[in-house]
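Just so you know, residue 1 is the first one in the sequence shown, and it goes up from there. Counting convention: from 1, in listed order, for ligands and their atoms alike.
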Amino acid sequence: MDREQWRQVVEAATRAPSIHNTQPWSFTVAGNRLDVRADPARALPALDRSGRQRIISCGVAVEFALIALRAAGAEVAVELLPEPADPELLASLTLTGSREVAESDRALGAAIASRHTERAPFQPQAVPAEVVDGLQRAVAAFSVWLKPITETDEEVATAFLLSRAEEIEQSEPEYVAELQHWMRTDPAAVDGIPVGAVLEEDPATRPSNWLIRDFVVGSRPGDRSPFHSPEDPDAPPPPVERPAVVLLGTDNDDAMAWLTAGRGLGQVLLRVTVAGLAASPLTQALDWPATRAQLGTRLSLIGHPQMLLRLGYPGGDRSPSTNRRPLADVLTFAE
Ligand SMILES: Cc1cc2nc3c(=O)[nH]c(=O)nc-3n(C[C@H](O)[C@H](O)[C@H](O)COP(=O)(O)O)c2cc1C
């Protein structure tokens, strides 16, 4: 592969979602090998003390790089955490030959550019069970499990823990300061979360049974909830969205498990995009050891929850996609 082809692959990898759009990664191309490293300088010590969500974010980038390489006809060998003495080196992807590109490889590769986190309300249309079945099969290849939250008691417990975690976060000055540090008002900003990508209204009054993360804690100008439209106070409330909510988890809870959870998440996000669906993470309950452990107990999980995702058909008002750092900041050619 020439440098331009490698640039395209790394460009695809950087389209991965990351916690607060921190893009906590860097890439090195050395001959026929791509190394993916975590960048601890982009850590979130208040939200993500263990670095779990950082490694999951990088795991998605690894999977996106691999999918881009396969869509370009490359056969690739993947080694995860290849150097125990160098824990920031998360993966080495080595080209081993060429392969025929299947239509499904091409579709997944094309989905990388169109996927983005969709926080706006979904259409009421239900997510087909066969799509969720397909996701379960796809993540099983990574030893990751995917549990749809469908039973009422599980839904109630999960929704409760999400609000509990959101409450804890809003009362933690370090968490709020860190969040504000990563919010961006300049639309040209290359990292962080642009204000345009989060909802204006208070997530607590949004017509959904699922509470999405509040990114503008303490700085909301007033109640803009669609439930309290000042123009027409008698207007009926909009239909309550009922997204499919799925929990991804792993048997272990170490760097290898987080990386593979990220790879499974990458597959899930691209497969839902191919199916015409969109997703947004709801990870507040997993940020805090107490609510994360309670989720495990309340859902009788064997293993560790890694990612909670809301899935559905996007409505007319799509959230904008977010920017990425220039390739020159994240990619080095070793020769
Ligand atoms: C591990 C992880 C956790 C995340 N948690 C949340 C969350 O709780 N709420 C949310 O709205 N988005 C969450 N996100 C989405 C990121 O904010 C989003 O990926 C990032 O801003 C880049 O935007 P994009 O996905 O549209 O490219 C999470 C992403 C990752 C990888």
Side-chain angles (χ1 to χ4, degrees), residues 11-25 38 42-44 47-48 50-64 111-122 144 158 161-163 165-166 168-170 175 178-179 182-184 187 189-199 203 206 208 210-217 243 245 247-250 257-270 272-273 278-288 291-292 295 305-312 314 318-325:
E11 163 82 37
T14 65
R15 290 309 314 167
S18 58
I19 180 76
H20 288 4
N21 198 20
T22 46
Q23 304 165 47
W25 45 57
R42 301 190 144 251
L44 297 175
L47 168 87
D48 184 30
S50 65
R52 186 181 65 83
Q53 301 195 60
R54 178 167 77 245
I55 307 284
I56 291 179
S57 307
C58 292
V60 187
V62 169
E63 194 60 17
F64 279 17
I112 290 175
S114 51
R115 177 221 66 86
H116 64 261
T117 299
E118 190 57 71
R119 300 182 183 88
F122 292 140
V144 174
T158 310
L161 288 168
L162 274 181
S163 357
E166 188 70 51
I168 300 175
E169 306 204 306
Q170 295 191 14
Y175 167 88
E178 189 177 81
L179 180 65
W182 286 97
M183 289 305 295
R184 301 285 181 260
V190 296
D191 61 8
I193 301 182
V195 285
V198 300
L199 305 175
R206 194 161 164 273
S208 176
W210 295 98
L211 187 64
I212 68 160
R213 189 187 293 272
D214 192 355
F215 285 96
V216 282
V217 182
V245 173
L247 180 66
L248 272 71
T250 49
W258 303 336
L259 253 185
T260 52
R263 292 189 62 192
L265 173 63
Q267 284 283 335
V268 166
L269 294 174
L270 297 183
V272 300
T273 305
S280 77
L282 301 163
T283 56
Q284 306 95 309
L286 309 187
D287 296 344
W288 305 96
T291 48
R292 189 171 177 231
L295 189 68
Q306 303 292 359
M307 169 57 69
L308 192 65
L309 272 185
R310 154 186 173 275
L311 309 177
R318 304 284 315 252
S319 318
S321 56
T322 54
N323 294 338
R324 295 296 185 269
R325 290 188 285 159

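Of the protein's non-hydrogen atoms, T117 OG1, 2.5 Å is the one closest to atom 25 (O) of ligand 1. Nearest protein heavy-atom neighbour of atom 21 (O) of ligand 1: N21 CB, 3.4 Å. Looking only at protein heavy atoms, the nearest one to atom 16 (C) of ligand 1 is S18 O, 3.3 Å. If you check which protein heavy atom lies closest to atom 14 (N) of ligand 1, you get P281 CG, 3.4 Å. Looking only at heavy atoms of the protein, atom 17 (O) of ligand 1 is closest to R119 NH2, 3.0 Å. Atom 2 (C) of ligand 1 has as its closest protein heavy atom M307 CE, 3.5 Å. Closest to atom 5 (N) of ligand 1 among all protein heavy atoms lies T283 OG1, 2.8 Å. For atom 23 (O) of ligand 1, the closest non-hydrogen atom on the protein side is T322 OG1, 3.0 Å.
Checked by distance only, ligand 1 and R115 come closer than 3.5 Å through their nitrogen or oxygen atoms. Checked against a 3.5 angstrom limit, the closest N/O atoms of A16 and ligand 1 fall outside it. Taking distance alone, with nitrogen or oxygen atoms compared against 3.5 Å, S57 stays at or beyond that limit from ligand 1.
Under a cutoff of 6.0 Å and an axis angle of 45°, R15 and F64 do not form a cation-pi pair.
Put simply, the side chain of E63 never gets that close to the backbone of G264: no donor and acceptor are under 3.5 Å apart. With hydrogens and angles disregarded, a donor-acceptor distance shorter than 3.5 Å links the side chain of S57 to the backbone of I19. Of the possible donor and acceptor atoms, one in the side chain of Q284 sits under 3.5 Å from a partner among the backbone N and O of L211.
Salt bridge absent: E11 and R324 never bring a charged side-chain N and a carboxylate O closer than 4.0 Å.
Considering only residues two or more places apart in sequence or on other chains, R292 meets the salt bridge (charged side-chain N to carboxylate O under 4.0 Å, His left out) condition with D253. Here R184 pairs with W182, A189, D191 under the side-chain contact (heavy atoms from CB on, under 4.5 Å) rule; sequence neighbours left out.
Minimum interatomic distance between R213 and E166 (heavy atoms only, all atoms of both residues): CA-OE1, 3.4 Å. Smallest separation of non-hydrogen atoms from F122 and L311: CE1-C, 3.5 Å.
By the criterion of a heavy-atom distance under 4.0 Å, the side chain of R324, and not its backbone, is placed next to ligand 1. Heavy atoms of I193 found under 4.0 angstrom from ligand 1 belong exclusively to the side chain.
In the candidate list H116, Q53, E169, Q53 is nearest to atom 3 (C) of ligand 1, counting heavy atoms.
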